[in-house]
Amino acid sequence: MSDTSGRTNVVLSKLTVIGDLLMLQIVFLVLSVGIVTLYPAAFAFQRVLPDALSQQHPQLLRRFFRQFKWAFPRFWLAGLGLYFGSVALAFGLFFWANTNGPVRIVALAILIPLTGMIIGLYLSALAVLPDAAEDSTPKTLFRAANLFLLRRSLAVAGGVIALATWFALVSRLPTLFAIGSGLVPALIGYWISRTRTTGPKKDSPDVSI
């Protein structure tokens, strides 16, 4: 009897987490309708995501709006620049991918790694956001994300591949956009933040000849 009740509690806990994540996704969609609010909403989502997964803090909606109120005045301008930069980069990739000639190869050889680096830096910013200080600025967040990218480059590269796979799925099934447009990048950023990298251990720092 105890085993059955334990399994039931586990299932209910998982369903609660899924319900909270979908609720946050809906709020993210509503807030991100205005372009200027897109990235502040994504940053607020990221700050609340650990609470939703751990189920240790109630009133997630209130916490989400509090984090959005924190993120908007700090990051709306940087987010706006990032949005238009992303649109320009996507247009450039689409344009050169549908052109012929040797210039196409050169352009794509530059744009594709640049896109991967920008996405990796964005995912790194999501990874460090939950622990970011209350007085964070775009400059301090960029520095923290850049340092994270350098330290965990393999994990970030895996996140870039996962996000690219997600975009490929969305291009085939556009309805997935409503379910995971904010949730999937947030989960990838959270996964990256949970990875640990350890360097090789040195048995003895002294070398005798």
Side-chain angles (χ1 to χ4, degrees), residues 17 21-22 24-25 27-29 31-32 35-54 64 67-68 70-72 74-93 108 110-133 136-171 176-198:
V17 171
L21 293 177
L22 292 178
L24 294 176
Q25 167 65 21
V27 177
F28 166 80
L29 283 176
L31 290 178
S32 62
I35 296 175
V36 73
T37 58
L38 173 60
Y39 285 99
F43 290 174
F45 198 151
Q46 196 68 36
R47 300 266 287 183
V48 178
L49 181 65
D51 297 333
L53 293 175
S54 66
F64 186 98
Q67 294 300 330
F68 178 78
W70 170 85
F72 183 78
R74 288 173 171 81
F75 302 110
W76 73 268
L77 186 57
L80 197 61
L82 184 59
Y83 173 82
F84 286 110
S86 302
V87 171
L89 194 58
F91 176 79
L93 285 170
L108 290 178
I110 296 174
L111 290 177
I112 291 176
L114 179 62
T115 303
M117 185 178 68
I118 292 174
I119 294 176
L121 191 60
Y122 175 69
L123 290 176
S124 299
L126 293 182
V128 300
L129 261 171
D131 297 324
S136 296
T137 64
K139 182 180 292 187
T140 58
L141 181 62
F142 174 79
R143 289 176 180 174
N146 190 40
L147 184 60
F148 184 93
L149 176 61
L150 293 175
R151 289 179 174 176
R152 304 187 189 179
S153 54
L154 289 179
V156 175
V160 172
I161 295 173
L163 192 58
T165 304
W166 160 253
F167 283 132
L169 289 174
V170 170
S171 66
L176 292 177
F177 181 83
I179 300 175
S181 55
L183 179 60
V184 171
L187 288 174
I188 293 175
Y190 178 79
W191 169 74
I192 293 174
S193 70
R194 304 284 290 181
T195 59
R196 293 290 182 269
T197 54
T198 55

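As a basis for the values below, the full set of heavy atoms in this structure was taken, side chains included, without hydrogen atoms, waters or symmetry mates. Note that this is a predicted model, so its numbers are computed, not measured.
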Derivation of the side-chain contact (heavy atoms from CB on, under 4.5 Å) call for Leu183 and Leu24: CA-CA 8 Å; Leu183 179 60; Leu24 294 176; over 6 Å; no
Stepwise ring pair (Phe, Tyr, Trp, His ring centres under 6.0 Å) test for Trp166 and Phe177: CA-CA 9 Å; Trp166 160 253; Phe177 181 83; 8.1 Å; no
Could you grab the distance from atom OG of Ser54 to atom CG of Leu49, nearest 0.5 Å is fine? 9.5 Å
How far apart are the closest heavy atoms of Trp191 and Gly159, and which atoms are they? CZ3-N, 4.0 Å
Please assess Leu21 against Leu53 for the test side-chain contact (heavy atoms from CB on, under 4.5 Å), listing each intermediate value before the final yes or no. CA-CA 8 Å; Leu21 293 177; Leu53 293 175; 4.0 Å; yes
Is there a donor-acceptor pair closer than 3.5 Å between any side-chain N or O of Ser181 and the backbone N or O of Ala178? no
On a heavy-atom basis, which atom in Leu126 and which in Gly189 lie closest, and how many Å separate them? CB-CA, 4.3 Å
For a ring-ring contact (aromatic ring centres under 6.0 Å, His included) with Tyr39, tell me which candidate from Trp76, Tyr122, Phe75 qualifies. Tyr122
Side chain of Ser136, backbone of Leu141: donor and acceptor closer than 3.5 Å? no
Here the pair of heavy atoms bringing Leu149 nearest to Ser124 is CB-OG, 3.6 Å
Quick one: does Leu38's side chain get under 4.5 Å of Phe28's, heavy atoms only? yes
Please walk me through it: do Val27 and Phe45 pass side-chain contact (heavy atoms from CB on, under 4.5 Å)? CA-CA 9 Å; Val27 177; Phe45 198 151; over 6 Å; no
On a heavy-atom basis, which atom in Gln67 and which in Val48 lie closest, and how many Å separate them? CG-CG2, 3.8 Å
Donor-acceptor pair, side chain of Arg74 and main chain of Pro40, under 3.5 angstrom: no
Here the gap from Leu123 atom CG to Ile192 atom CD1, rounded to the nearest 0.5 Å, amounts to 4.5 Å
Which heavy atom of Ser32 sits nearest a heavy atom of Thr37, and at what distance? CA-OG1, 3.8 Å
Identify all side-chain donor-acceptor contacts of residues 83-91 below 3.5 Å with residues at least two apart in sequence or on another chain.
| residue | atom | partner | partner atom | Å |
| --- | --- | --- | --- | --- |
| Ser86 | OG | Leu82 | O | 2.7 |

What closest approach, in Å, do Ile119 and Leu163 show between heavy atoms, and which atom pair accounts for it? CG2-CD2, 3.7 Å
Nearest-0.5 Å distance that lies between atom CG in Asn146 and atom CZ in Arg151: 11.0 Å
Gln25 side chain vs Gly182 backbone, donor-acceptor pair below 3.5 Å: yes
Take Trp70 and Arg47, measure what side-chain contact (heavy atoms from CB on, under 4.5 Å) needs, and give me the verdict at the end. CA-CA 10 Å; Trp70 170 85; Arg47 300 266 287 183; 3.7 Å; yes
